[in-house]
Amino acid sequence: MARYAYVNGRYVDHRLAKVHVEDRGYQLADGVYEVVGVRDGKLIDETPHLDRLDRSLKELRIAAPVSRKTLTFVIRELMRRNRLRDGLIYMQVTRGVARRDHAFPTIPVKPALVLTTKNTKPVGIDVGPGIAIKSQRDIRWERCDIKTVALLPNVLAKQAARESGAYEAWLVDSAGCVTEGASTNAWIVTRDGELVTRQTDNGILAGITRGTLKSIADTLQLKLVERPFSLTEAKQAREAFITSATSFVTPVVKIDGEPVGDGKPGPTARRLREEYVRFADTGEAVA
Ligand code: PMP
């Protein structure tokens, strides 16, 4: 367990870290968050993550709690105090503490900032056995591009997946297309060898790992198409995989109990995982 959390300007014992009961994040999910992966003591894609945090705040008209300079300092100080080498940094900003009312507070309140860290084993270059997916209806709102702490549909989808023995849920919209995972972006490699992931708009979160992988795919001269793909197409794909700051590139070998391709991690996912790990290690997209 991490030793310290950062709460509104103070580094406090993680076990005793608290926020106010009238915090709008707690009562109304009126807040946003970011997760940045840490590998061998280095942050992965820090700038795009902090840019996305700024964007989420702007979309919800929440002021930045501290400057970028301060935030980057706090991140490093918390990493140092928690001796974080491999794992993640979690950052959360809520609109702040105010008497409960759905509308924004009419008197100025300070946004609340919390940071925690989590130590994990370093993600290996080997993809492992791959994961199983369960499809679930996408019942989320129309602003999935904002990384808000309002995650109940994602929580329920993930739980349904776990109860069925799958690791991740793929969310399916009213047209039968996969939008993304409960906490990851979704990709397939079609029978024609096209790498496909859904275009970014209000329907999905623009994953930072997704963005970096796009440049890696480009450098590797893979044919990448950003378009919707149906659950049926995914089940008939040659390969499928997920991406996120913590799972990097992880192959999908089963969807709703049916094997994807030959039911084993495929060469594209393996190669992209390798290159992403290299990027996380060196900061460079392809050696
Ligand atoms: N989609 C959703 C819904 C997520 O919660 C996440 C994880 N933050 C992602 C995609 C992947 O984004 P990233 O690559 O920035 O971790």
Side-chain angles (χ1 to χ4, degrees), residues 29 31-39 43-57 59 75 86-93 115-118 120 123 131 133-162 167-173 177-188 196-217 224 226 228-229 234 240-252 269 272-273 275-277 279-280 285:
V32 302
Y33 74 106
E34 266 305 320
V35 174
V36 186
V38 175
R39 186 171 179 84
L43 292 141
I44 307 170
D45 266 338
E46 179 182 20
T47 302
H49 277 285
L50 296 185
D51 288 347
R52 186 172 66 185
L53 178 63
D54 282 345
R55 178 183 185 276
S56 296
L57 289 168
E59 291 299 314
I75 290 169
D86 288 279
L88 62 91
I89 293 260
Y90 176 84
M91 299 175 244
Q92 178 176 312
V93 183
L115 274 81
T116 57
T117 67
K118 190 164 144 188
T120 62
V123 178
I131 59 156
I133 293 287
K134 181 174 169 57
S135 63
Q136 289 284 295
R137 242 181 78 206
D138 192 342
I139 58 168
R140 299 174 303 161
W141 71 332
E142 289 179 10
R143 290 307 308 272
C144 297
D145 56 310
I146 307 172
K147 197 164 172 60
T148 84
V149 294
L151 288 171
L152 208 40
N154 310 56
V155 167
L156 296 178
K158 185 82 87 177
Q159 182 60 19
R162 295 287 164 88
Y167 179 76
E168 174 63 307
W170 272 7
L171 309 176
V172 179
D173 66 15
C177 290
V178 174
T179 52
E180 61 183 328
S183 62
T184 56
N185 287 115
W187 303 67
I188 58 168
V196 182
T197 192
R198 190 189 186 286
Q199 76 282 3
T200 52
D201 54 23
N202 292 358
I204 68 166
L205 184 76
I208 303 305
T209 319
R210 178 191 179 283
T212 296
L213 213 65
K214 266 178 55 178
S215 3
I216 293 176
L224 171 70
E226 292 178 81
F229 62 87
F241 59 90
I242 58 168
T243 57
S244 75
T246 49
S247 67
F248 290 14
V249 177
T250 299
V252 168
L272 289 171
R273 162 83 153 226
E275 293 300 340
Y276 188 80
V277 167
F279 164 76

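First listed ligand is number 1; within each ligand, the first listed atom is number 1. All of these numbers come straight from a predicted model, not from anything done at the bench.
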Taking only heavy atoms of [X] into account, list the atoms of ligand 1 that are under 4.0 Å away from them.
X	result
N185	10 (C), 11 (C)
Y33	5 (O)
A245	13 (P), 14 (O), 16 (O)

Identity and distance of the protein heavy atom lying nearest [atom]:
atom	result
atom 6 (C) of ligand 1	S183 O, 3.2 Å
atom 8 (N) of ligand 1	K147 NZ, 2.4 Å
atom 14 (O) of ligand 1	T209 OG1, 2.6 Å
atom 12 (O) of ligand 1	G207 CA, 3.4 Å

Is there a heavy atom of [X] sitting under 4.0 angstrom from any atom of ligand 1?
X	value
F248	no
A182	yes
E34	no
V35	no

Considering distance alone, does some N or O of [X] sit under 3.5 Å from an N or O of ligand 1?
X	value
N154	no
I208	yes
G181	no
S244	no

Ignoring hydrogens, what is the shortest heavy-atom contact between [X] and [Y]? Give both atom names and the distance.
X	Y	answer
P153	I139	CB-CG1, 3.9 Å
S247	T243	OG-C, 3.9 Å
A169	I133	C-CG2, 4.4 Å
E46	V36	CA-CG1, 4.4 Å
N154	A182	ND2-O, 2.9 Å

Among E180, H49, R210, closest by any non-hydrogen atom to atom 3 (C) of ligand 1 = E180
Inspect the surroundings of CZ in R143 and state if more than 12 heavy atoms from other residues, nucleotides or ligands are less than 6.0 Å away.
-> yes
d(H49 NE2, T209 OG1) to nearest 0.5 Å is 5.5 Å
Will you find, in the side chains of D173 and T179, an N or O donor that is under 3.5 Å from an N or O acceptor?
-> no
Given V277 and F279, is the side-chain contact (heavy atoms from CB on, under 4.5 Å) satisfied, shown in steps?
-> CA-CA 5 Å; V277 167; F279 164 76; over 6 Å; no
Cationic tip of R162 above Y167 ring, under 6.0 Å, 45° of axis = yes
